[in-house]
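Structure record follows, encoded as structure tokens.
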Amino acid sequence: MTTYFFADTAVLTGRTVRHVTRSLDTIITTAITPIAMLLLFVYVFGGAIDTGSVKYVNYLLPGILLITIASGISYTAFRLFTDIKGGIFERFQSMPIARSGVLWAHVLTSLVANLISLVLVFLVALLIGFRTGAGLLAWLAVAGILILFTLALTWLAVIPGLTASSVEGASAFAYPLIFLPFISSAFVPTETMPGPVRAFAEYQPVTSIVNTIRDLFAGQPVGTDVWIALAWCVGILVVAYIFANLAYRRRIS
């Protein structure tokens, strides 16, 4: 059964990846908004924001990477919703394939598409002055956190993709996720925020993830932020995975 699962998932992933490669504007569109934000904040607002001795592009990039992921997963919900409305799920149920492979194909495709968008954003950051002295282990840690965060949000995106009644509803859930980094340490130090806003900013998941990535890029000790970031990512992933599979079972029953 395990052999069938991996083989079926690979075939179905190839199908969804081909859909993405035939519509490269999806990836480009996903990357354009974060890149525009990166350029806007660095060249327009950056001079007015005090981040000490840290270059603003270095300070800003971790938050922009998270916004890139939040933008990309809306297309996962959209693709899943389109498959359901197109009747392809019913066709797959009549075939001798692993049913869970259908969801995993969309999740893996989301991971590939988001990684491409992240690379594009990172290349632009390099062009405008981002520099890091991070070693190999730090780079691997950053990649691991970004992949884990992508998987967590992707499984979260599966839920509206399966349950939404309209294409707008399937993708609109990502908007709050895109704006969540604005109330965090992603753009400005939380110390500059008023009391209630600062409290929310310091204890929501984006701040610990951003701080961890920022410290890794800077080659500094990450402290307890890394454990908080991992706890948030794993917690969201587990809860989203459970509810996504429950929604999937109800959908195909």
Does the side chain of [X] reach to within under 4.5 Å of the side chain of [Y], using non-hydrogen atoms?
X: Tyr59; Y: Pro189; result: yes
X: Val210; Y: Leu66; result: yes
X: Leu153; Y: Asn114; result: no
X: Ile49; Y: Thr192; result: no
X: Ser184; Y: Thr190; result: no
X: Asp215; Y: Pro221; result: no
X: Val42; Y: Leu60; result: yes
X: Ile69; Y: Thr154; result: no

I need the minimum non-hydrogen distance between [X] and [Y], along with the two atoms involved.
X: Ala138; Y: Ala134; answer: CB-CB, 3.8 Å
X: Ala186; Y: Pro181; answer: CB-O, 3.5 Å
X: Thr163; Y: Ala247; answer: CG2-CB, 4.0 Å
X: Ala152; Y: Cys233; answer: CB-O, 3.6 Å
X: Ala244; Y: Leu162; answer: O-CD1, 3.5 Å

- Task: Could you walk me through whether Val226 and Asn211 pass the side chain to side chain contact (heavy atoms under 4.5 Å, CB included) test, one step at a time?
- Result: CA-CA 8 Å; Val226 64; Asn211 289 345; over 6 Å; no

Nearest 0.5 Å, what's the [atom1]-[atom2] distance between [X] and [Y]?
X: Ile147; Y: Leu115; atom1: CD1; atom2: CG; value: 5.5 Å
X: Leu237; Y: Trp155; atom1: CG; atom2: CH2; value: 8.5 Å
X: Ile67; Y: Leu180; atom1: CD1; atom2: CG; value: 9.5 Å
X: Ile64; Y: Leu118; atom1: CD1; atom2: CG; value: 11.5 Å
X: Ser110; Y: Arg79; atom1: OG; atom2: CZ; value: 6.5 Å
X: Tyr56; Y: Leu38; atom1: OH; atom2: CG; value: 9.5 Å

In terms of hydrophobic clusters joined by side-chain contacts under 4.5 Å, are [X] and [Y] together?
X: Tyr175; Y: Leu156; value: yes
X: Ile209; Y: Leu140; value: no
X: Val142; Y: Val54; value: yes
X: Val197; Y: Tyr203; value: no
X: Val234; Y: Ile145; value: yes

| Does the side chain to side chain contact (heavy atoms under 4.5 Å, CB included) test come out yes or no for Thr76 and Thr109, once each step is laid out? | CA-CA 8 Å; Thr76 302; Thr109 300; over 6 Å; no

Apply the test side chain to side chain contact (heavy atoms under 4.5 Å, CB included) to residues Arg214 and Ser185: give CA-CA distance (whole Å), side-chain angles for both, the deciding distance (0.1 Å), then the verdict.
CA-CA 10 Å; Arg214 188 180 290 140; Ser185 64; 4.0 Å; yes

task: Taking Asn58 for its side chain and Thr132 for its backbone only, find out whether a donor-acceptor pair lies under 3.5 Å.
output: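 Here the side-chain-to-backbone pair does not exist.
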
(Q) My understanding is that only residues two or more places apart in sequence, or in another chain, count here; which of them pass ring pair (Phe, Tyr, Trp, His ring centres under 6.0 Å) with Phe187? (A)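 Counting only residues at least two positions away or on another chain, Phe187 forms a ring pair (Phe, Tyr, Trp, His ring centres under 6.0 Å) with Phe41, Phe182.
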
Point to revise | Phe122 ring center within less than 6.0 Å of Trp139 ring center | key: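 Between Phe122 and Trp139, which both carry aromatic rings, the centre distance is below 6.0 Å.
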
Validation row, ring centre Trp227 to ring centre Trp232 under 6.0 Å: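 No: the rings miss the under 6.0 Å criterion.
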
**Prompt:** Does Phe81 CZ have over 12 foreign heavy atoms under 6.0 Å away?
**Reply:**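 Counting neighbours around CZ of Phe81, more than 12 heavy atoms of other residues, nucleotides or ligands fall under 6.0 Å, so yes.
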
Practice prompt. Determine, step by step, whether Val124 and Leu120 satisfy the side chain to side chain contact (heavy atoms under 4.5 Å, CB included) criterion, reporting the C-alpha distance in whole Å, the side-chain angles of both residues, the deciding distance to 0.1 Å, and the verdict.
Written response: CA-CA 6 Å; Val124 173; Leu120 292 176; 5.9 Å; no

When you check the side-chain N and O atoms of Thr212 and Asp225, is any donor under 3.5 Å from an acceptor?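 The answer is no; no qualifying pair exists.
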
| message | Is the ring pair Phe130/Phe217 parallel, tilted or perpendicular, if the boundaries are 30 and 60 degrees? | response |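 Ring orientation, 0 to 90° scale: perpendicular.
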
